[in-house]
Undergrad: 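A single structure is presented below for examination.
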Protein chains: 2
Amino acid sequence: MPTLSGKNRAKTAELCHALADETRLDILDQLKDGERCVCELTDAMQAAQSRLSFHLKVLKDAGLIQDRPEGRWIYYAINADVVEELEALVASLRVMRKKGRSDSRC
Amino acid sequence: MPTLSGKNRAKTAELCHALADETRLDILDQLKDGERCVCELTDAMQAAQSRLSFHLKVLKDAGLIQDRPEGRWIYYAINADVVEELEALVASLRVMRKKGRSDSRC
DNA sequence: CTTATACATCAAGAATTCATGATATGTCAA
DNA sequence: TTGACATATCATGAATTCTTGATGTATAAG
């Protein structure tokens, strides 16, 4: 579970960093409807193969996508579990309704 | 509304980039329970003032936080609207249940 | 066994991001 | 008006990230 504070904070930052690039958002948009192999992505997007490979690795290292080798191809798909964790993370940002100041002062 | 594709994609990347740093996650964690001025954050966290100011600007430019000047202090708070937009964005990553391959091929 | 295809990885450089220390701006108090 | 405090901004350098083109590896077809 990625969290704002504590020992998982670095993992949270890594997850968000994986989302912080337009090429990678494009990839996720392509994967939204199901798995795709790299050559399909290369066709659909305007990106050199090594560039795609680089970004797929960033997404995979962050845990956002999974790969499934099949013969000569490797199929990538969004990791549904991590998406649920992301939802929990964003939910933790919901502002407390009590606008209450703390008792600290400068 | 930040989206995966289309003209808001850059805004989405900016939002996620703002979340992709441990110092900024710390700041958001501090703001979770209500607004704080910079000096309170400086006390609570282990960060030089100029460093905090830099990261507050990143968060503010991305729309994640708002500021409210009051006398000599500036109070920062999480922007609830943007959090809701983030929730919608993450929801759009939910995997379609039909694992169906598309009709494309390599 | 040779060749083509799908993909990963590497090396080098450009661009961006971040940290730090110094300086600037504005507000309040004495 | 002088000085202290809260905060922003700037300049510099270090570190990280991204792109590109070249090379490596595995698989499959002929």
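These numbers were taken from a predicted model, which means no experiment stands behind them. In the text below, chain A, chain B and the rest are named by the order of the sequence lines, each starting its count at 1.
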Undergrad: Please name all residues satisfying side-chain hydrogen bond (donor to acceptor under 3.5 Å, both in side chains) with A/Glu22, sequence neighbours left out, ordered by chain then number.
TA: B/Arg9

Undergrad: Using a cutoff of under 3.5 Å, can you pull out all pairs of nitrogen or oxygen atoms linking the protein to nucleotides 17-19 of chain C, with atom names and distances?
TA:
from   : atom 1 : to      : atom 2 : distance (Å)
C/dC18 : OP1    : B/Arg24 : NH2    : 3.1
C/dA19 : OP1    : B/Arg51 : NH1    : 3.0
C/dA19 : OP2    : B/His55 : NE2    : 2.5

Undergrad: Would you find a donor on one side and an acceptor on the other, under 3.5 Å apart, between the side chain of A/Glu40 and the backbone of A/Cys37?
TA: yes

Undergrad: What integer distance in Å separates A/Arg36:CZ from C/dA6:P?
TA: 16 Å

Undergrad: Rounding to an integer number of Å, can you tell me how far A/Arg68 CZ sits from C/dC7 P?
TA: 12 Å

Undergrad: Could you tell me the separation between the CG atom of A/Leu59 and the C1' atom of D/dC18, rounded to a whole number of Å?
TA: 14 Å

Undergrad: Rounding to 10 degrees, work out the angle separating the end axes of the helix from C/dC1-D/dG30 to C/dA30-D/dT1 (five pairs an end).
TA: 20°

Undergrad: Considering only side-chain heavy atoms of B/Tyr76, which listed nucleotide, D/dA8, C/dA8, C/dC7, is closest?
TA: D/dA8

Undergrad: Going by side-chain contact (heavy atoms from CB on, under 4.5 Å), name the residues that satisfy it together with A/Ala47, two or more places apart in sequence or in a different chain.
TA: A/Arg51, A/Leu52

Undergrad: Could you work out, with side-chain contact (heavy atoms from CB on, under 4.5 Å) as the rule, every residue matching A/Val90, not counting sequence neighbours?
TA: B/Val83, B/Leu86, B/Glu87, B/Val90

Undergrad: Could you state the CG-P distance from A/Leu56 to D/dC18, rounded to the nearest angstrom?
TA: 13 Å

Undergrad: Taking the side chain from B/Asp67 and the backbone from B/Ile74, do they hold a donor-acceptor pair closer than 3.5 Å?
TA: no

Undergrad: Whole-Å distance between C/dT20 C1' and B/Gln46 CD?
TA: 15 Å

Undergrad: Going by the rule side-chain hydrogen bond (donor to acceptor under 3.5 Å, both in side chains), which residues pair with A/Ser53 if we only count those two or more places apart in sequence or in a different chain?
TA: none

Undergrad: Could you tell me which residues satisfy side-chain contact (heavy atoms from CB on, under 4.5 Å) with A/Asp61, sequence neighbours excluded, listed by chain and number?
TA: A/Glu14, A/Lys57

Undergrad: For A/His17, check side-chain hydrogen bond (donor to acceptor under 3.5 Å, both in side chains) against everything at least two apart and list the hits.
TA: none

Undergrad: In whole angstrom, what separates A/Lys57's NZ from D/dT16's P?
TA: 16 Å

Undergrad: Measure CG/A/Leu52 against P/D/dT20 and give the value in whole Å, please.
TA: 12 Å

Undergrad: With sequence neighbours excluded, tell me which residues meet side-chain contact (heavy atoms from CB on, under 4.5 Å) with A/Glu70.
TA: A/Arg68, A/Tyr75

Undergrad: Atom pairs, N/O to N/O, protein against nucleotides 23-30 of chain C, distance under 3.5 Å?
TA:
none

Undergrad: So, is A/Tyr75 close to the C/dC7 phosphate, meaning a side-chain N or O under 4.0 Å from OP1 or OP2?
TA: no

Undergrad: B/Asp21: what forms a salt bridge (charged side-chain N to carboxylate O under 4.0 Å, His left out) with it, not counting sequence neighbours?
TA: none

Undergrad: Check salt bridge (charged side-chain N to carboxylate O under 4.0 Å, His left out) between A/Asp29 and all other residues, then give those that pass, not counting sequence neighbours.
TA: A/Lys32

